[in-house]
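Just so it is clear, the values below take in all heavy atoms, side chains as well, and ignore hydrogens, waters and symmetry mates.
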Amino acid sequence: MKQVRGLGSRIKEAAHDVTKLKKGSNHSGGGGSSAGSVAEEEVEEGSTAGGTTTVVSDEGGEQEEKVVKEEVAADNNNLGVFFRNRIQKMGTVMTGGANVVHKLAITKRDDDDGGSSGGVAKDQDEGEEEVTEEETNEEKKKFRMPPDDVLQKMIVIGKQKIKGVSIQDYYEVAWSEGNDCDKEPIYGPFLTSCGKNDVNVDKWESQEGGYKGEWCGENYTQQRIVTFNFMKQTIGQTLVSVQHTQRCRRIENDRCILHMTLKMKGFPYADCFVVEVRHVASRVGENDILVEMGLHVRFLKSCMFESKIRSNTTAETTKLQMDLLALITEGCKPYAKEIAGDEEEEVEEDEGDEEEIDDTAEESKDIICDLPLIRFFITLGAKIFLWPFIKLDLFDPFPPTTVDEALTNVRRRVALLDKISCDRVTDEQKDELAKEMKAIQASLKHIEAITSI
């Protein structure tokens, strides 16, 4: 408050000085002697409020008045800042006091109620914990791994969802071959059941720095070699030797990636390409996994039969990998965990599938019902717009080159003529038509006899 009083006195003094200066300027405009005497005097004022020291003379009354006004404005500004800060502090104190009063009132009410408020607060905290657990479980159910980048560059040849199986169980069933676990080997016996001979599946190896894929460029923690051979029907029976270089990598308990490069020898153009196959098992939700398979035929050098090789290799490899995926799915079933709520989810999925089937069936029925109408409009459009411009010679077969071919064509035409004519004449005319047809047949025989000499 002392600062406020000091500022108020400064404002009054500044106003008094302004009044004096105004009077002095008025007198200087009237007489030269008074102006000269005032000009000799200098007034030095220190403006503590503005933070500057200004020397004011009477040589320019307007300049003095301007400087004083600036000092007054500075004082006013400081006064406004001071009051604004004071008001903010008072508001903070009042708000804090209100909060304290509110807390005291709540405490007193709780004491009067015998601590019932504490029980309510505890129930609220427990409810918040339950909500948090429910949200966490919901997030686990909706969990999805991001798409595999390498798989996006390949042809996806198959997908399969396996319920209640962890990534660890999937790996041990599908790719461990019983090493360091209690699972039965599956990959080697599968190849043998497919008619492959001399099947050899090496154990997984690991090294510092891992193994880098040739085509994908990714690093893997494990690698193994699988070899076998089989008889292939090309130009005769050919013995084909195959080598699989398999690399594996697991991302915690969320994803297992197995990438294999297939090289073959023993048939034409086998050195022109290799086959890249990728199995990506990703966790879906809290307990399920989704297995996706990709395929890519990679050509090492140019080949004139690339299209044929790609189509045949894709078909053969897809069938083999789909059979393997079915076997892996069956092998994982004994290790699947039964979880409450899965049946309801399966029922919902089945209902969704049934609705899709019903919609598809209805659409098919609509299309089938519309087929006669569609066929009618197509036929009508062809007769109107196409038929007048089609040359009938286009439908004629190649011209005969021998007499026998010509006679055969004529006899075929005569038989067709006989049939069409009989349908368009009366019974009395049919006898006469039959005689003419016999005459034509006799003439054809005569021609045949003449040309055969």
Side-chain angles (χ1 to χ4, degrees), residues 143-163 165-177 186-187 190-191 194 196 201 204 210-228 242-264 270 272-285 288-300 303 306-332:
F143 178 82
R144 293 291 187 277
M145 286 291 289
D148 182 67
D149 294 335
V150 178
L151 195 65
Q152 306 302 313
K153 304 174 185 178
M154 309 174 79
I155 301 173
V156 178
I157 59 176
K159 293 182 181 181
Q160 179 64 48
K161 188 176 183 180
I162 307 176
K163 290 183 173 291
V165 177
S166 66
I167 292 294
Q168 180 66 26
D169 287 333
Y170 164 79
Y171 167 78
E172 292 179 356
V173 169
W175 309 112
S176 71
E177 290 298 284
I186 193 173
Y187 194 67
F190 167 74
L191 294 174
C194 295
K196 313 304 180 185
V201 182
W204 287 108
Y211 302 88
K212 187 173 183 180
E214 299 173 2
W215 174 68
C216 62
E218 292 186 334
N219 286 325
Y220 300 87
T221 56
Q222 295 176 296
Q223 177 175 292
R224 72 181 179 187
I225 304 296
V226 179
T227 58
F228 57 88
V242 183
Q243 176 180 302
H244 291 186
T245 303
Q246 298 182 350
R247 301 179 180 94
C248 184
R249 177 178 81 247
R250 280 182 284 176
I251 304 174
E252 296 180 352
N253 197 37
D254 294 330
R255 174 164 285 174
C256 176
I257 300 173
L258 184 127
H259 192 103
M260 63 179 79
T261 302
L262 288 60
K263 296 181 180 179
M264 292 171 277
C272 294
F273 69 98
V274 295
V275 183
E276 307 286 348
V277 178
R278 191 175 182 88
H279 290 243
V280 180
S282 306
R283 184 164 68 88
V284 177
D288 306 332
I289 63 172
L290 176 65
V291 183
E292 299 175 283
M293 298 186 303
L295 181 144
H296 174 69
V297 181
R298 177 164 61 96
F299 284 89
L300 306 177
C303 176
E306 285 187 9
S307 178
K308 186 70 173 176
I309 292 172
R310 182 179 287 107
S311 61
N312 291 346
T313 304
T314 301
E316 294 174 3
T317 307
T318 299
K319 183 181 182 305
L320 192 69
Q321 297 300 319
M322 289 299 295
D323 293 342
L324 174 61
L325 180 58
L327 187 62
I328 293 172
T329 304
E330 289 295 324
C332 288

Item to check | Pair C303-F273, side-chain contact (heavy atoms from CB on, under 4.5 Å): steps then yes or no | outcome: CA-CA 9 Å; C303 176; F273 69 98; over 6 Å; no

Checklist entry - For E218 and R278, what are the C-alpha separation, side-chain angles and deciding distance, and is it a salt bridge (charged side-chain N to carboxylate O under 4.0 Å, His left out)? => result CA-CA 12 Å; E218 292 186 334; R278 191 175 182 88; 2.7 Å; yes

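When all heavy atoms are compared, the tightest approach of Q243 to T245 is NE2-OG1, 3.6 Å. Residues I289 and S166 share a closest heavy-atom pair of CG2-C, 4.5 Å. Looking at every heavy atom in both residues, S176 comes nearest to W204 through CA-NE1, 4.4 Å. Residues N253 and Q168 approach most closely at OD1-N, 3.6 Å, considering heavy atoms. Across all non-hydrogen atoms, the minimal contact from C332 to V165 is O-CG2, 3.7 Å. The two residues C248 and Y220 make their nearest non-hydrogen contact at O-CB, 3.4 Å.
How far OG1 of T314 is from CD1 of I309: 11.0 Å, rounded to the nearest 0.5 Å. Interatomic distance, M260 CE to L295 CG, rounded to the nearest 0.5 Å: 10.5 Å. Of the inter-residue distances, the one linking R298 atom CZ with L300 atom CG reads 5.5 Å to the nearest 0.5 angstrom. To the nearest 0.5 Å, atoms CD1 (I167) and CZ (R283) are separated by 8.5 Å. The structure places CG of L151 at 5.5 Å from CD of E292, a figure rounded to the nearest 0.5 Å. In this structure, the separation between CD1 on I162 and OG1 on T329 is 4.0 Å, given to the nearest 0.5 Å.
Between L262 and T313 there is no side-chain heavy-atom pair separated by less than 4.5 Å. Between M293 and V277, the closest side-chain pair of non-hydrogen atoms is not below 4.5 Å. Inter-residue side-chain proximity for T261 and R247 is flagged as met; some heavy-atom pair is nearer than 4.5 Å. When side chains are defined from C-beta on, K263 does not count as touching V242, because their heavy atoms never get closer than 4.5 Å. Two residues are said to be in side-chain contact when any heavy atoms from C-beta on lie closer than 4.5 Å; F190 and I328 fail this criterion. Residues D288 and L290 are not in side-chain contact: their nearest non-hydrogen atoms beyond the backbone lie 4.5 Å or more apart. In this structure the side chain of K153 never reaches within 4.5 angstrom of the side chain of E276, judged on heavy atoms.
In this structure, R249 contributes its side chain and N219 its backbone to a donor-acceptor pair below 3.5 Å. A distance-only check finds a donor-acceptor pair linking the side chain of S311 to the backbone of K308 [under 3.5 Å]. Not a single donor-acceptor pair under 3.5 Å links the side chain of R310 to the backbone N or O of N312.
With 3.5 Å as the limit, one finds no donor-acceptor pair spanning the side chains of R250 and Q222. For the residue pair R255 / S282, a side-chain donor-acceptor distance below 3.5 Å is found, with atom types taken as modelled.
Among R224, H279, H259, the single residue meeting the side chain to side chain contact (heavy atoms under 4.5 Å, CB included) criterion with Q246 is R224. Across I157, V291, L320, a single residue satisfies side chain to side chain contact (heavy atoms under 4.5 Å, CB included) together with L325, and that is V291.
Within a 6.0 Å sphere centred on CD of Q152, other residues, nucleotides and ligands contribute more than 12 heavy atoms. Within 6.0 Å of NZ in K196 there are more than 12 heavy atoms belonging to other residues, nucleotides or ligands.
In this structure, F228 and H244 have perpendicular ring planes: the angle between them is above 60°, well past the 30° mark. Aromatic ring pairs are classed by plane angle as parallel below 30°, tilted from 30° to 60° and perpendicular above 60°; the pair W175 and Y187 is tilted.
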